[in-house]
Protein chains: 2
Amino acid sequence: MSTAQGARARARTEITAAIKDEARRQLAAEGAAKLSLRAVARALGMVSSALYRYFPSRDELLTALIVDAYDSLGAAAETAEKQVHDAGPLHRWTTVCEAVRAWAMTHPHEYALLYGTPVPGYTAPQTTVQAASRVGLLLIAIARDAHRDGTLSAPALPADLHPEATRMAADLAPDLPPEAVAALVAAWAQLFGLIGFEVFGQFHGVVEHREPFFRQAALRLAQGVGLAC
Amino acid sequence: MSTAQGARARARTEITAAIKDEARRQLAAEGAAKLSLRAVARALGMVSSALYRYFPSRDELLTALIVDAYDSLGAAAETAEKQVHDAGPLHRWTTVCEAVRAWAMTHPHEYALLYGTPVPGYTAPQTTVQAASRVGLLLIAIARDAHRDGTLSAPALPADLHPEATRMAADLAPDLPPEAVAALVAAWAQLFGLIGFEVFGQFHGVVEHREPFFRQAALRLAQGVGLAC
DNA sequence: ACACGGACGAGAGCAGTGCTCTTGCTATGG
DNA sequence: CCATAGCAAGAGCACTGCTCTCGTCCGTGT
């Protein structure tokens, strides 16, 4: 924060950043499972125990990487959307979807850290949730603009889902019709199903030309939430 | 295979099964990351090196568990479908979806093994693919029956996806229209997106009453592939 | 009937891991 | 100016996957 810190504090933030950088490098290269505190320390020319001055455990280091990855993903999605922000909601939607997919393809291990198997005894700290919700908020914002322009035709909902949908709407987007919010949440999960299958190799031998396939699926996803043109 | 084997061979298959059972127990209890060969050996009263007579590595043991898990999931889906096999395709579809979800909820760690982060240097051996495709084949069969009855109205497809769709159709279901196959594959991935988000806790604090939510999403998935009544 | 080869279990050991504790050193704030 | 706090280093503990060796015992072929 304040640049007018003592040399000690400055060194601390620098070393903390260096540790995260090296950890991120190893994460990108080998995956979270093979990320080793000792290897990080070795690469930085220090001894493993010294690293515990900066991160109290391996899981804490991983958590820091998770937050950074969520931010990186959110930033990628937001900058991509910003460039087509004046286009129609459908185009904005598919742009965001493709940006998320592109980020996942270029950061497969980070993606796995965010949306793959969770770490055994791990529960997301509060700092995570804000960073984690950026993509979702972006999709909601697109639907909100469409709703304001009157181009959002939310699909019908069965009666037994209505209370839950209104509850979700109150939490996530009070200005949107509950049916739209329910459809948005479902589309959100389905989007990461498509991306996860591609990143994790489930499409191997099944889908060959995955980019047009994904583009079409993202389009249908948008139509599923009622985004028209 | 043949029951008329020597005592030695019989003991081998028995011990192999016991190892897998204990490993499965530990997998279900703690997750794949914490599955330890030494702990398995300890629980079975043998020494860790003896276990290598039966599985050449930890990854091979995990692979065996993966195949079993795929079979367990496939069997659960198939038996659920069998009980509503005479109903309409829509009902059959949602039944299969809900059976897959139920299996995932009761076997979260096995689910993570199948559809979560893949093991670092792991590529699925040929023995896996057959077991892995059972759920997909079930969904295809439902669409096939609907197509035969004339109740399958496949959605339109952009021109650039047509060659890929016909290629997928030729591989997966030559008797179905390519648009239907493309929609099926997308729905397949999206289904596991919904389930994965629920199993991995991504819906925590977002979706509360997840069963009706999922039921509705599965229904819309079916409509997305063109299943009518 | 017997001898030999192969399967087997046990144990020691290697290289690696996360994490803790103690020991000095050094920079910072009162 | 000095006590205190932060810091790096090293040793060490309890694990892990995996390898190698060494007796032993079973099953098969001669």
Side-chain angles (χ1 to χ4, degrees), chain A residues 1-20 22-23 25-27 29-66 109 113 118-122, chain B residues 1-20 22-23 25-27 29-66 109 113 118-122:
Chain A
M1 311 311 166
S2 59
T3 38
Q5 279 183 327
R8 194 139 211 178
R10 189 198 320 273
R12 185 170 228 291
T13 63
E14 266 179 24
I15 294 182
T16 305
I19 292 172
K20 280 211 294 188
E22 178 59 32
R25 197 169 305 131
Q26 294 197 13
L27 168 67
E30 300 272 16
K34 293 202 173 179
L35 187 142
S36 148
L37 278 189
R38 296 182 106 111
V40 170
R42 223 174 300 143
L44 262 52
M46 34 174 151
V47 94
S48 73
S49 60
L51 219 142
Y52 284 83
R53 299 267 169 202
Y54 301 90
F55 293 94
S57 75
R58 181 181 180 274
D59 277 7
E60 291 284 335
L61 176 55
L62 269 181
T63 302
L65 294 182
I66 287 177
H109 289 120
L113 200 57
V119 189
Y122 173 83
Chain B
M1 313 309 168
S2 60
T3 39
Q5 279 182 324
R8 193 134 209 183
R10 188 198 321 272
R12 186 169 227 292
T13 64
E14 266 179 24
I15 294 182
T16 305
I19 292 172
K20 280 211 296 188
E22 179 58 33
R25 197 170 304 130
Q26 294 197 11
L27 169 66
E30 299 273 15
K34 292 201 173 179
L35 183 128
S36 147
L37 278 189
R38 296 182 105 111
V40 170
R42 225 174 300 145
L44 263 51
M46 33 173 152
V47 93
S48 73
S49 60
L51 218 142
Y52 284 83
R53 301 271 174 202
Y54 301 91
F55 293 94
S57 77
R58 181 181 181 275
D59 277 6
E60 290 283 334
L61 176 55
L62 268 182
T63 301
L65 294 182
I66 287 177
H109 289 119
L113 201 56
V119 189
Y122 171 83

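Numbers restart at 1 for each chain; the letters A, B, ... are given by sequence-line order, proteins then strands. Below, all heavy atoms of this structure are taken into account, side chains as well, without hydrogens, waters or symmetry copies.
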field: Of residues 43-54 of chain B, the positions that come close to DNA chain D - non-hydrogen atoms, cut-off under 4.0 Å
entry: S48(B), S49(B), Y52(B)
Range on DNA chain C touched by chain B - first to last nucleotide, heavy-atom distance under 4.0 Å: dG6(C) to dG13(C)
- prompt: Base, sugar-phosphate alone, or nothing: which one does L61(A) contact when heavy atoms must sit under 4.0 Å apart?
  reply: nothing
message: Applying side-chain contact (heavy atoms from CB on, under 4.5 Å), can you list everything that pairs with S49(B), at least two apart in sequence or on another chain?
response: V47(B)
message: Need one value for R38(B): base, sugar-phosphate or nothing, where a base atom within 4.0 Å counts as base even if backbone is also close, heavy atoms only.
response: base
message: Tell me the closest heavy-atom pair linking R58(B) and A32(B), and the distance in Å.
response: NH2-O, 2.7 Å
query: Got L61(B) and Y54(B) here, is their nearest side-chain heavy-atom distance under 4.5 Å?
result: no
- prompt: At their closest point, which heavy atom of S36(B) faces which heavy atom of A39(B), and how far apart are they?
  reply: OG-N, 3.0 Å
Where at least one partner belongs to residues 11-20 of chain A, residue pairs that pass salt bridge (charged side-chain N to carboxylate O under 4.0 Å, His left out), sequence neighbours excluded: K20(A)-D68(A)
- request: Quick one: list whatever passes side chain to side chain donor-acceptor pair (under 3.5 Å) with E22(A), sequence neighbours left out.
  value: R25(A), Q26(A)
query: L37(B) versus F55(B): any side-chain heavy-atom pair under 4.5 Å?
result: no
query: If you round to the nearest 0.5 Å, how far is CE of M46(B) from CD1 of I15(B)?
result: 5.5 Å
query: For DNA chain D, which nucleotides open and close the run of contacts to chain B, 5' to 3', at under 4.0 angstrom from a non-hydrogen atom?
result: dT16(D) to dG27(D)
task: Check S57(B) against Y52(B) and note the closest heavy-atom contact, atom names and distance.
output: CA-CE2, 4.2 Å
field: Separation between NE2 of H109(B) and CG of L35(B), rounded to the nearest 0.5 Å
entry: 11.0 Å
